[in-house]
A.B. asks: 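One structure is given below, represented as structure tokens, and several questions about it will come after.
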Number of protein chains: 2
Amino acid sequence: MGASKLQIHSKRLNDIALVAKVFAHPARVAILEYISKQKDCICSDIVDEIGLSQPTISQHLQVINKAGLLKGNFKGKSICYCINIKKFQEFQELFNSFFNKTKFNCC
Amino acid sequence: MGASKLQIHSKRLNDIALVAKVFAHPARVAILEYISKQKDCICSDIVDEIGLSQPTISQHLQVINKAGLLKGNFKGKSICYCINIKKFQEFQELFNSFFNKTKFNCC
DNA sequence: ATATATAATCGTAATATTGCAATATCAAAT
DNA sequence: ATTTGATATTGCAATATTACGATTATATAT
């Protein structure tokens with residue numbers, strides 16, 4: 001097969017997995033960290049910073065964006081990617097609630 | 001290509017991505033949750049519970065295990081999978097430190 | 001209007017992941 | 001020693017992901 005059997009799981013479990021997928025590639029973690037560190041949201045140099053080609057970075061940005069983690073703004077000539085802190089916080093809470101729930105019982 | 005270019009990222013970023021990968025499939029999240037809920041660590045019925053074949057579950061368990069999240073114990077005839085709470089806690093802290101660090105700045 | 005800079009999309013190749021049937025392994029009980 | 005029950009491994013097919021070159025779209029400046 002190759003495709004995940006999403007139907008058999010609850011929306012909650014699928015959601016957790018979807019969010020985790022965003023962080024499941026080091027380039028995406030690096031991109032998020034880099035964006036957050038840029039005080040003035042300079043953007044196009046993510047490519048130089050990370051060391052992957054422009055199309056590849058663009059692809060990773062799309063994945064991050066589809067999860068709702070980006071806010072694009074215009075600042076002069078170039079697009080400014082920013083982190084959607086509200087969503088980011090939501091994701092942190094989703095993980096923490098899963099971690100906390102799971103941390104009990106067993107052995 | 002198809003393979004991630006791991007060399008270009010720091011160990012820390014690769015580690016975060018590796019941990020995230022464990023949670024990046026709903027079956028694995030389901031398995032972790034199910035194991036944690038079983039007070040007496042009954043095990044072999046994960047297969048019945050989740051609805052995937054035994055080899056597939058075994059494969060997912062391996063992924064979880066390689067990350068260090070399982071503690072296998074023997075209890076009567078069947079192996080008892082338990083969550084390695086220490087590692088689990090470590091992972092939670094890794095995520096939280098990343099989330100907290102990233103939550104500042106930008107737009 | 002044209003040139004320039006920046007980012008997105010397309011097409012494609014390489015690799016990874018997911019899933020299962022068949023088989024093998026291993027431990028406990030008989 | 002053999003059977004039995006439970007888990008791991010192997011082999012394979014289908015799909016997804018990662019990466020990049022070439023191209024296209026978009027916006028700003030000239």
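Labels below follow one simple rule: chain letters A, B, ... track the order of the sequence lines, proteins then strands, and each chain is numbered from 1.
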A.B. asks: Of A:Q62 and B:A24, whose nearest nucleotide on DNA chain C comes first from the 5' end?
C.D. replies: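 Result: A:Q62.
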A.B. asks: What is the distance, to the nearest angstrom, from the CG atom on B:L61 to the P atom on D:dA8?
C.D. replies: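 Taking atom P of D:dA8 as the reference, CG of B:L61 is at 7 Å.
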A.B. asks: So, is B:Q54 near the phosphate of C:dA21, with a side-chain N or O under 4.0 Å from OP1 or OP2?
C.D. replies: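 Result: no.
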A.B. asks: In whole angstrom, give the distance that lies between atom NE2 of B:H9 and atom P of D:dT18.
C.D. replies: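 Atom NE2 in B:H9 sits about 11 Å away from atom P in D:dT18.
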A.B. asks: Under 4.0 Å: is that the gap between some side-chain N or O of B:Y81 and OP1 or OP2 of D:dA8?
C.D. replies: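 Answer is yes, contact under 4.0 Å.
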A.B. asks: From CG of B:N14 over to P of D:dT18, roughly how many Å is that when rounded to an integer?
C.D. replies: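 In whole Å, D:dT18 P lies 13 Å from B:N14 CG.
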A.B. asks: So, does B:N84 use its side chain to make a donor-acceptor pair with the main chain of B:K71 at under 3.5 Å?
C.D. replies: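 Absent.
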A.B. asks: Ignoring hydrogens and angles, tell me if any N or O in the side chain of B:T56 forms a donor-acceptor pair with the backbone of B:L52 under 3.5 Å.
C.D. replies: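 Side chain of B:T56 to backbone of B:L52: no pair is present.
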A.B. asks: Separation of B:D48 atom CG from D:dG5 atom P, in whole Å?
C.D. replies: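 Going from CG in B:D48 over to P in D:dG5 covers 15 Å.
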A.B. asks: Hey, which of these two, A:H25 or A:P55, hits DNA chain D nearer its 5' end, going by closest nucleotide?
C.D. replies: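 Going by which nucleotide is closer to the 5' end, it is A:H25.
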A.B. asks: Under 4.0 Å between any heavy atoms, over every strand shown, what does B:S4 touch: base, sugar-phosphate, or nothing? Just pick one.
C.D. replies: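 It contacts sugar-phosphate atoms only.
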A.B. asks: Find the distance B:I46:CD1 to D:dA8:C1' and express it as a whole number of Å.
C.D. replies: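 After rounding, the gap between these two atoms is 14 Å.
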A.B. asks: How many whole angstroms separate atom CG of A:L6 from atom C1' of C:dT18?
C.D. replies: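 That distance rounds to 11 Å.
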A.B. asks: To the nearest angstrom, how far is A:I64 atom CD1 from C:dA7 atom P?
C.D. replies: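 Distance, rounded to whole Å: 14 Å.
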A.B. asks: Mapping A:A3 and A:G51 onto DNA chain D by nearest heavy atom, which one lands closer to the 5' end?
C.D. replies: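 Final value for this comparison: A:A3.
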A.B. asks: Tell me if a side-chain donor or acceptor on B:N100 pairs with a main-chain N or O of B:N96 at a distance below 3.5 Å.
C.D. replies: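 At least one qualifying donor-acceptor pair exists.
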A.B. asks: Does B:V22 offer a backbone N or O that forms a donor-acceptor pair with the side chain of B:R28 under 3.5 Å?
C.D. replies: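 A pair under 3.5 Å: yes.
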A.B. asks: May I ask you to say what B:I57 touches in the nucleic acid, namely base, sugar-phosphate or nothing, with a heavy-atom cut-off under 4.0 Å?
C.D. replies: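 It contacts nothing in the nucleic acid.
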A.B. asks: Taking the side chain of B:K21 as its heavy atoms from C-beta onward, which of D:dA8, C:dG19, C:dT17 lies nearest to it?
C.D. replies: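 Within the option list, the nearest is C:dT17.
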A.B. asks: When you check the side-chain N and O atoms of A:Q38 and A:D45, is any donor under 3.5 Å from an acceptor?
C.D. replies: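 Note: A:Q38 and A:D45 side chains miss the donor-acceptor criterion.
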A.B. asks: May I ask you to verify if any side-chain N or O of A:T56 is less than 4.0 angstrom from the OP1 or OP2 atom of D:dA19?
C.D. replies: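 Result: no.
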A.B. asks: Whole angstrom is fine here: how far is it from CG in A:L52 over to P in D:dC20?
C.D. replies: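 From A:L52 CG to D:dC20 P: 5 Å.
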A.B. asks: Nearest to the side chain of A:R28 - C:dA8, D:dC20, D:dT18?
C.D. replies: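 Selected nucleotide: D:dT18.
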A.B. asks: As a test of reading the structure: which of D:dC20, C:dT15, D:dA8 is closest to the side chain of B:K5, going by heavy atoms?
C.D. replies: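 In terms of side-chain proximity for B:K5, the closest of D:dC20, C:dT15, D:dA8 is D:dC20.
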